[in-house]
Amino acid sequence: MDHIVEDSIHTKQELLVRMERNNTTIQRLSKKLSSYTYEPKCPSDFEKFNALKNGFKIFSRHQKEILDLIQKQKEGISEVLEMEVKEQLGRFKKLESDFADYLLNMGKTF
């Protein structure tokens, strides 16, 4: 039984670290997007720019909610919360990819 509890604590810590790392990356990308060097130059770029800014805000809000729920869990992580975490990880990958596409369309690099 101790092994199961230890595994769930280990998994919980891994999730917290991974989610925090993703959040740091998103914050860095958001800050970079706000830089004048990444300002949109045409209408389609403005649409992508605004979609990215909105995506970053939504990601941050979900991130905070999920981290609060993880820290409130006393014994492991529920299946529902695990699904939320997986969805958040998917959102991270999507935002990161969308940001890279935005930069490529503007002719810039990370």
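Please read these numbers as outputs of a predicted model, since none were measured by experiment.
- Across all their heavy atoms, Leu33 and Tyr38 have their closest contact at O-CB, 3.9 Å.
- Atom NZ in Lys94 sits 15.0 Å away from atom CD in Glu87 (nearest 0.5 Å).
- Looking only at side-chain heavy atoms (C-beta outward), Phe92 and Asn23 stay at 4.5 Å or farther from each other.
- Inter-residue side-chain proximity for Tyr102 and Pro40 is flagged as met; some heavy-atom pair is nearer than 4.5 Å.
- With salt bridges taken as basic N to acidic carboxylate O contacts below 4.0 Å, one links Asp68 and Lys64.
- Between Ser60 and Gln27 the shortest heavy-atom distance is OG-NE2, 2.9 Å.
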Tabulate below the donor-acceptor pairs under 3.5 Å that side-chain atoms of residues 15-22 make, not counting sequence neighbours, or state none.
none

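- Side-chain contact between Leu29 and Thr25 is present, with heavy atoms from C-beta onward closer than 4.5 Å.
- Under the 4.5 Å side-chain heavy-atom criterion for Ile, Leu, Val, Met, Phe, Trp and Tyr, Leu89 and Ile58 are members of distinct hydrophobic clusters.
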Could you list the donor-acceptor pairs under 3.5 angstrom formed by side chains in residues 45-57, with sequence neighbours left out?
{"from": "Asn50", "atom 1": "ND2", "to": "Phe46", "atom 2": "O", "distance (Å)": "3.3"}

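- Partners of Gln63 by side chain to side chain donor-acceptor pair (under 3.5 Å), not counting sequence neighbours, listed by chain and number: Gln88.
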